[in-house]
Amino acid sequence: HEDEIEPYRRFYGEGSPDADWVDGGDLLDIDATAEALRGPGHDLGGLPVIAMRAERYEDVLSEALWRRTQADLATISTDGVYVMALGSGHLVLRDNRTAVLEAVAALVEAARGGSPLPACATIFVADAECPSP
């Protein structure tokens with residue numbers, strides 16, 4: 001989320017690779033990522049989006065900022081759903097495969113059918129919670 005860029009850079013120090021987020025050993029161009037998400041001309045319209053966050057907070061940012069920015073990611077589309085994967089830390093796929101598979105199935109069905117995503121509680125039967133953004 002673009003609101004996390006400056007706090008990360010302040011925490012790690014300008015010029016540090018960690019300030020530009022290293023993901024799996026690969027340095028990300030975080031400014032380009034923020035531009036792709038919210039820059040002019042990058043409206044996702046009604047493209048189905050599920051913003052899934054971990055249950056456990058495992059980061060250097062303030063937890064309040066993290067919770068707010070995770071919820072806000074569901075708003076990058078007019079067809080967004082926000083969900084918390086129960087029992088998970090940062091690596092949600094490892095910690096809660098069920099929730100990830102439910103999300104993927106819902107996204108594929110919506111995209112193939114040209115229909116909006118169902119409500120969060122309909123998509124996620126177990127292993128997930130649908131918090132209010």
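Given the structure is predicted, the values throughout are model-derived calculations rather than measurements.
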S.K.: Determine yes or no for a side-chain-to-main-chain donor-acceptor pair under 3.5 angstrom, with Asn96 supplying the side chain and Leu86 the backbone.
M.R.: yes

S.K.: Any carboxylate oxygen within less than 4.0 angstrom of a Lys/Arg side-chain nitrogen, looking at Asp95 and Arg56?
M.R.: yes

S.K.: Provide the closest heavy-atom pair for Ala121 versus Cys130 in the form atom of the first, atom of the second, distance.
M.R.: N-SG, 3.5 Å

S.K.: Of the options Glu2, Glu4, His1, which is the one that meets Thr69 in a side-chain hydrogen bond (donor to acceptor under 3.5 Å, both in side chains)?
M.R.: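 So the option named by the test is Glu4.
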
S.K.: Examine distances only and state if a side-chain atom of Asp59 and a backbone atom of Trp66 form a donor-acceptor pair shorter than 3.5 Å.
M.R.: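 No; judged by distance alone, with no hydrogens or angles, the pair does not exist.
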
S.K.: Go through it in stages, so that I can follow the logic: the residues are Val100 and Val92, the test is side chain to side chain contact (heavy atoms under 4.5 Å, CB included), and I'd like the CA-CA distance, side-chain angles, deciding distance and then a yes or no.
M.R.: CA-CA 8 Å; Val100 173; Val92 175; 3.9 Å; yes

S.K.: What distance separates Leu65 CG from Gln70 CD, expressed to the nearest 0.5 Å?
M.R.: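 Between Leu65 CG and Gln70 CD, I get 9.5 Å after rounding to 0.5 Å.
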
S.K.: Where is the tightest heavy-atom contact between Pro48 and Ala111, given as atom of each residue plus distance?
M.R.: CG-N, 4.4 Å

S.K.: Using side-chain heavy atoms (C-beta onward) and a distance below 4.5 Å, is Asp79 in contact with Val49?
M.R.: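 Asp79 vs Val49: side chains apart.
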
S.K.: Do the side chains of Leu93 and Val81 join up, straight or via other hydrophobic residues, at under 4.5 Å, putting them in one cluster?
M.R.: yes

S.K.: Restricting to non-hydrogen atoms, name the atom on Gly46 and the atom on Thr78 that form the minimum distance, rounded to 0.1 Å.
M.R.: CA-OG1, 3.2 Å

S.K.: Let's go through Arg68 and Asp3 carefully: what are the C-alpha distance in whole Å and the side-chain angles of both, what is the deciding distance for side chain to side chain contact (heavy atoms under 4.5 Å, CB included) to 0.1 Å, and is it a yes or a no?
M.R.: CA-CA 10 Å; Arg68 180 184 61 77; Asp3 289 351; 3.1 Å; yes

S.K.: Locate the shortest heavy-atom distance separating Glu102 from Ala126; write the atom from each residue and the value.
M.R.: OE1-O, 3.6 Å

S.K.: Are side-chain heavy atoms of Arg53 and Arg67 found at a separation under 4.5 Å?
M.R.: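 Arg53 vs Arg67: side chains touch.
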
S.K.: Got a second to check how far Ile50's CD1 is from Tyr82's OH, nearest 0.5 Å?
M.R.: 13.5 Å

S.K.: Please give me the minimum heavy-atom distance between Met52 and Ala99, naming the atom from each residue.
M.R.: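 So the minimum-distance heavy-atom pair works out to CE-O, 3.3 Å.
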
S.K.: In terms of hydrophobic clustering (I, L, V, M, F, W, Y; side-chain heavy atoms under 4.5 Å; direct or indirect links), are Leu73 and Val83 co-clustered?
M.R.: no

S.K.: Whether the side chain of Ser77 engages the backbone of Gly45 through a donor-acceptor N/O pair (distance < 3.5 Å, no angle test) should be reported.
M.R.: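 Flag set: sc Ser77 to bb Gly45 pair under 3.5 Å.
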
S.K.: Please determine whether residues Leu47 and Val104 belong to a single hydrophobic cluster, defined as Ile, Leu, Val, Met, Phe, Trp and Tyr linked transitively by side-chain heavy-atom distances below 4.5 Å.
M.R.: no

S.K.: Do Phe124 and Glu129 have side chains that approach each other closer than 4.5 Å (heavy atoms only, starting at C-beta)?
M.R.: no

S.K.: With a 3.5 Å distance limit and no angle check, can you tell me whether Glu55 reaches the backbone of Ala85 through a side-chain donor-acceptor pair?
M.R.: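 Not confirmed, Glu55 side chain does not pair with Ala85 backbone.
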
